[in-house]
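Taking it in order: structure first as structure tokens, then the write-up.
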Amino acid sequence: MVSAREWTYDGTELAWLQERLGRSATGPGHVVSELVPSGFEAYLRVFHRFEATDGSGRTRRWQTWADEAGVAFHSELSHFSLPDERDEAGKPMWQTEAGVLDSRSRATLARCLAGVTGDQGVYFAYDLAALCRGGEEPLVRRSCLADLESVREEVSDEVGSDGPEFWWPQDRAWVVTTDYDLLSTYVGCSNETAERILGDAGLEALPVTPGTRVDWYADRPGPRG
């Protein structure tokens with residue numbers, strides 16, 4: 001994660017969101033409140049699926065892998081706590097993407113949110129991705145949830161194929177955040193919306209709090225930062 005930014009959000013669509021980010025106390029690592037604005041009833045972690053590296057198209061859930069390895073499945077679980085499984089050539093057998101929710105989970109999450117959002121406008125924002133590619137301000141597109149994939153394709157030449165980093169509806173009833181170097185996506189929303197997401201078999205999600213650790217070493221001894 002990047003804790004310092006090189007531009008101002010004043011006058012941008014991200015200004016309200018950035019004003020509500022931060023942490024109330026010092027401590028190790030990074031926490032949910034640095035990613036998702038304050039003020040929501042519920043917060044969730046949505047795990048990015050692991051995919052087999054052999055091209056078979058197989059996927060694996062975090063809980064399945066954890067259960068098979070005898071590792072507790074919990075809201076601060078790090079991928080470093082899962083076994084390092086490699087093939088005969090020493091190549092990792094499973095991988096998941098940082099900075100982008102896998103396509104199946106992304107579509108399912110959008111469907112869950114559409115049930116409470118209706119046809120109102122939705123903002124899709126690229127912050128660090130725009131900064132790293134020389135943008136003068138965050139790149140924000142306003143469309144509808146049904147256009148999520150079209151927006152991603154439209155802006156890919158400008159900000160790459162990851163993200164969006166933030167998406168939220170016009171009424172700001174929820175926010176989805178996918179940080180560029182994390183293997184999970186985080187959501188702030190109402191209790192009702194959280195129940196929708198947690199109850200959908202197409203998503204692997206757990207409740208979190210604003211103080212839940214999100215960094216790679218959350219449940220592991222090692223570097224903190």
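Throughout, residue positions are numbered sequentially from 1 according to the sequence presented. None of these values were measured; they are calculated from a predicted model.
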For residues 90-98, please give each side-chain donor-acceptor pair under 3.5 Å, one per line with the distance, not counting sequence neighbours.
| residue | atom | partner | partner atom | Å |
| --- | --- | --- | --- | --- |
| Lys91 | NZ | Thr53 | O | 3.4 |
| Thr96 | OG1 | His48 | O | 3.3 |
| Thr96 | OG1 | Arg49 | O | 2.7 |

* Cation over ring, Arg172 on Tyr123, under 6.0 Å and within 45°? ->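 Not satisfied by the 6.0 Å and 45° rule.
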Quick one: pull up [atom1] in [X] and [atom2] in [Y] and give me the separation to the nearest 0.5 Å.
| X | Y | atom1 | atom2 | value |
| --- | --- | --- | --- | --- |
| Leu183 | Ser78 | CG | OG | 8.0 Å |
| Thr177 | Leu17 | OG1 | CG | 6.0 Å |
| Glu165 | Thr185 | CD | OG1 | 11.0 Å |
| Cys144 | Gln120 | SG | CD | 11.0 Å |
| His79 | Asp84 | NE2 | CG | 10.0 Å |
| Glu34 | Asp215 | CD | CG | 9.0 Å |

Sequence-distant partners of [X], side chain to side chain donor-acceptor pair (under 3.5 Å), two or more places apart:
| X | result |
| --- | --- |
| Asp200 | Arg111 |
| Thr117 | Trp174 |
| Asp102 | Ser105 |
| Glu68 | Arg60 |

Please give me the minimum heavy-atom distance between [X] and [Y], naming the atom from each residue.
| X | Y | value |
| --- | --- | --- |
| Ala130 | Leu139 | CB-N, 4.0 Å |
| Val214 | Leu182 | O-CD2, 3.5 Å |
| Leu101 | Thr178 | N-CG2, 4.1 Å |
| Arg133 | Glu158 | CD-O, 2.9 Å |

* To do: May I have the step-by-step check of salt bridge (charged side-chain N to carboxylate O under 4.0 Å, His left out) for Arg45 and Glu76, ending in yes or no?
  => CA-CA 9 Å; Arg45 175 182 178 179; Glu76 292 186 337; over 6 Å; no
* To do: Can you sort out the partners of Phe50 under ring pair (Phe, Tyr, Trp, His ring centres under 6.0 Å), two or more places apart, ordered by chain and number?
  =>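 Checked Phe50 against ring pair (Phe, Tyr, Trp, His ring centres under 6.0 Å); matches are Trp62, Trp65.
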* Stepwise, does the salt bridge (charged side-chain N to carboxylate O under 4.0 Å, His left out) test hold for Arg58 with Glu51? -> CA-CA 6 Å; Arg58 293 177 297 137; Glu51 295 184 1; over 6 Å; no
* To do: Answer yes if the ring centres of Tyr43 and Tyr186 are under 6.0 angstrom apart, and no otherwise.
  =>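 Ring centroids of Tyr43 and Tyr186 are no less than 6.0 Å from each other.
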* Going by the angle between their ring planes, with limits at 30° and 60°, are Phe80 and Trp216 parallel, tilted or perpendicular? ->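 If you compare the ring of Phe80 with that of Trp216, the planes turn out perpendicular.
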* For the residue pair Phe73 and Phe47, categorise the inter-ring angle as parallel (less than 30°), tilted (30 to 60°) or perpendicular (more than 60°). =>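 It falls in the tilted class, 30° to 60°.
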* To do: Determine, using the 4.5 Å side-chain heavy-atom cutoff (strictly less than), whether Leu44 and Val100 are members of one ILVMFWY cluster.
  =>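 Hydrophobic grouping puts Leu44 apart from Val100.
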* To do: Measure the shortest side-chain to side-chain distance between Cys112 and Thr193 over non-hydrogen atoms and say whether it is less than 4.5 angstrom.
  =>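 Result no, sub-4.5 Å side-chain heavy-atom pair not found.
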* side-chain contact (heavy atoms from CB on, under 4.5 Å) evaluation trace for Leu14 with Phe166 -> CA-CA 9 Å; Leu14 275 170; Phe166 301 100; 3.8 Å; yes
